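Single-structure report; data block below.
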Amino acid sequence: MAEASSNKKMVGFGSTPQGKSFWKRGGGKGLPSPGTVKPVFGAQHPPLSAPVGAPTLPTSPKKGGHLRPKQSLQVSQPSDPSRPRSKSVDEMAATSPRGDEKVSTPSAATPKLPVLSEREALRLQKFVRLIEGVPQTSLEDLSKLSWSGVPHPIRHTVWRLLSGYLPVNVERRKTALERKRNEYRTFVKQYYHTRLQPQHQQTFHQITIDIPRMNPTSLFQQTIAQECFERLLYIWAMRHPASSYVQGMNDLATPFFVIFLGAYLDPTLEQEAQNVDLSEMGEDDIAEAEADTYWCLTKLMDGIQDNYTFAQPGIQLKVHKLKELVKRIDAPLFQHLEDNNIAFLEFAFRWMNNLLIREVPLQCIIRLWDTYLCERDGFATFHPYVCASFLVHFSKQLREQSDFQALMIFLQNLPTSDWEERQMNEILASAFQWKYSFNDAPSHLH
């Protein structure tokens, strides 16, 4: 596939000065779901195409960078501290009427605002005061407030703060974001052209195969989104040679990308980012969401990288902990799985490798990550408790399955397609209870 033949326009980090693309993706669409998770090393396939020079990246913002109105979509400026402060979040958090009345602040100059209950509006006010109303945000206070869920209009800022990506000092945030986003642009210039070198071709090839298998929502099937993921995952692999890229890492970036895109969309449309048409969004907005996703993914991976190093010892330990937890919490279920020769590694490997992203709807994962970001090493230490709660939730149905095949089919196709935040809150409540029940008695887990 000759690179010079590609004329499609790429977004943000992948464009030449003339606006032409410098690379065109090969095949990979329609492939089956990934099987065994394997690290990718070396070059085992023919070259994808001839090497090319590094692209020149845009250094100044373009005009018209926000989503144009389309049907029900409306434009709203994000409440991100790095940008001119939006009136919409303040208006949404305005004091509500008494009783069960709803909060809504109509304005001809601003988009339609979410309809909030009194409780929701007061809670949003607390977040706004904690994030923007003081010179320095207390991460301890923010974690306590966020553990039970973060309001959608301000979630992108809260996640950046709790990930350690955004400074707690309000005055430093804009400068810090600009610096980190420019640093990511530098990484793209430095590394992305090396994807065609023989020693890196297999890594990049695996990334291009895995990306179309991500979340089936329309967002992740768009070429623009897939190009963003190709860049950020490849650059992460180049900067982390101890593990390089491993199948499953692509899933871990999806919640961040959805949330950070949402900063540029109408706050009334909470799930619209999962279905937005990226061709109608500004290139610079998408590029900023890509850079923020890279840095927050890096912060996440710092805590679970042993999941992806040779032999994946982190996953092995977490699966063992899950097994011991279930044995303690639900002995009948544990014995039923044992009697039918169900090894926990056979179904829970994916739960650990993909952090349950393949098991529940994306909106439930976003709610789950609100809490993980508040817990110390939540993605590593709290996750096995959540998996135990998740498994025990289906204890009755599992004990009704009579043999190995029926159990494995059920475990690999759990009935969660209609789950909402309510079910995830129940899972988290049980996980929290078990964590603090067993935390002072580690002998229970060995």
Side-chain angles (χ1 to χ4, degrees), residues 11-12 29 33 66-76 78-80 88 111-114 149-160 163 210-233 248-283 285-294 296-297 300 354-373 414 416-425:
V11 172
K29 294 184 178 179
S33 298
H66 289 285
L67 179 64
R68 298 192 301 271
K70 179 184 180 183
Q71 298 176 355
S72 62
L73 292 182
Q74 296 175 333
V75 183
S76 77
S79 60
D80 193 315
S88 59
K112 180 182 177 182
L113 302 176
V150 180
H152 170 70
I154 206 164
R155 183 177 269 131
H156 50 89
T157 301
V158 173
W159 278 26
R160 291 187 186 109
S163 294
D210 291 345
I211 286 175
R213 302 168 177 169
M214 294 191 305
N215 189 290
T217 56
S218 61
L219 170 64
F220 298 105
Q221 302 309 310
Q222 297 177 50
T223 299
I224 294 172
Q226 292 181 3
E227 289 168 348
C228 290
F229 276 73
E230 286 163 2
R231 283 189 290 273
L232 70 90
L233 290 171
M249 291 180 181
N250 52 312
D251 285 333
L252 305 186
T254 57
F256 288 124
F257 193 64
V258 167
I259 294 305
F260 296 147
L261 278 180
Y264 306 101
L265 301 177
D266 186 342
T268 67
L269 305 173
E270 181 170 353
Q271 299 187 37
E272 192 61 37
Q274 299 181 40
N275 300 294
V276 67
D277 183 352
L278 292 179
S279 67
E280 296 193 352
M281 285 192 69
E283 294 185 5
D285 293 346
I286 299 172
E288 289 179 0
E290 177 185 335
D292 293 352
T293 298
Y294 169 82
C296 288
L297 176 66
L300 185 159
N354 299 78
L355 298 178
L356 293 178
I357 287 176
R358 296 294 178 104
E359 318 308 322
V360 297
L362 182 57
Q363 199 60 30
C364 292
I365 291 297
I366 289 171
R367 169 62 193 92
L368 178 63
W369 284 26
D370 285 345
T371 297
Y372 279 0
L373 288 165
L414 293 167
T416 61
S417 60
D418 61 346
W419 273 32
E420 299 176 347
E421 290 189 11
R422 175 180 60 82
Q423 287 90 344
M424 190 53 64
N425 286 335

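On a predicted model such as this, the values are computed, not experimentally measured, just so you know. Keep in mind that the numbers below use all heavy atoms, side chains included, and drop hydrogens, waters and symmetry copies.
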Enter the distance from [X]:[atom1] to [Y]:[atom2] here, rounded to the nearest 0.5 Å.
X    : Y    : atom1 : atom2 : result
L278 : E283 : CG    : CD    : 11.5 Å
L219 : D277 : CG    : CG    : 10.0 Å
L232 : M249 : CG    : CE    : 12.0 Å
M214 : L362 : CE    : CG    : 11.0 Å
D370 : M424 : CG    : CE    : 11.0 Å
L252 : L355 : CG    : CG    : 5.0 Å

Donor-acceptor pair, side chain of [X] and main chain of [Y], under 3.5 angstrom:
X    : Y    : result
E290 : D285 : no
T416 : E359 : yes
S163 : R160 : no
Q222 : V276 : yes
E421 : R367 : no

Exercise. Do W159 and F260 have ring centroids that are under 6.0 Å from one another?
Worked result: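 Here the rings of W159 and F260 have centres that are no less than 6.0 Å from each other.
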
Exercise. Should Q274 and Q363 be marked as a side-chain contact (heavy atoms from CB on, under 4.5 Å) after you check the CA-CA gap, both sets of side-chain angles, and the distance that decides it?
Worked result: CA-CA 9 Å; Q274 299 181 40; Q363 199 60 30; 3.2 Å; yes

Exercise. Would you call the rings of F257 and F220 parallel, tilted or perpendicular, where under 30° means parallel and over 60° means perpendicular?
Worked result: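 The arrangement is tilted - the two ring planes meet at 30° to 60°.
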
Exercise. Would N250 and D210 satisfy side-chain hydrogen bond (donor to acceptor under 3.5 Å, both in side chains), going step by step from the backbone distance to the final call?
Worked result: CA-CA 7 Å; N250 52 312; D210 291 345; 5.3 Å; no

For this session: Test L297 against every option in L233, T254, D292 by the side chain to side chain contact (heavy atoms under 4.5 Å, CB included) rule and name the one that passes.
Result: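 So, applying the side chain to side chain contact (heavy atoms under 4.5 Å, CB included) to L297 and each of L233, T254, D292, only L233 qualifies.
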
Non-hydrogen atoms of [X] and [Y] that approach each other most closely:
X    : Y    : result
N354 : G248 : ND2-CA, 3.8 Å
D251 : I357 : O-CD1, 3.1 Å
E420 : Q423 : N-OE1, 2.9 Å

For this session: Please lay out, stage by stage, how L261 and M281 fare under the test side-chain contact (heavy atoms from CB on, under 4.5 Å).
Result: CA-CA 9 Å; L261 278 180; M281 285 192 69; 4.0 Å; yes

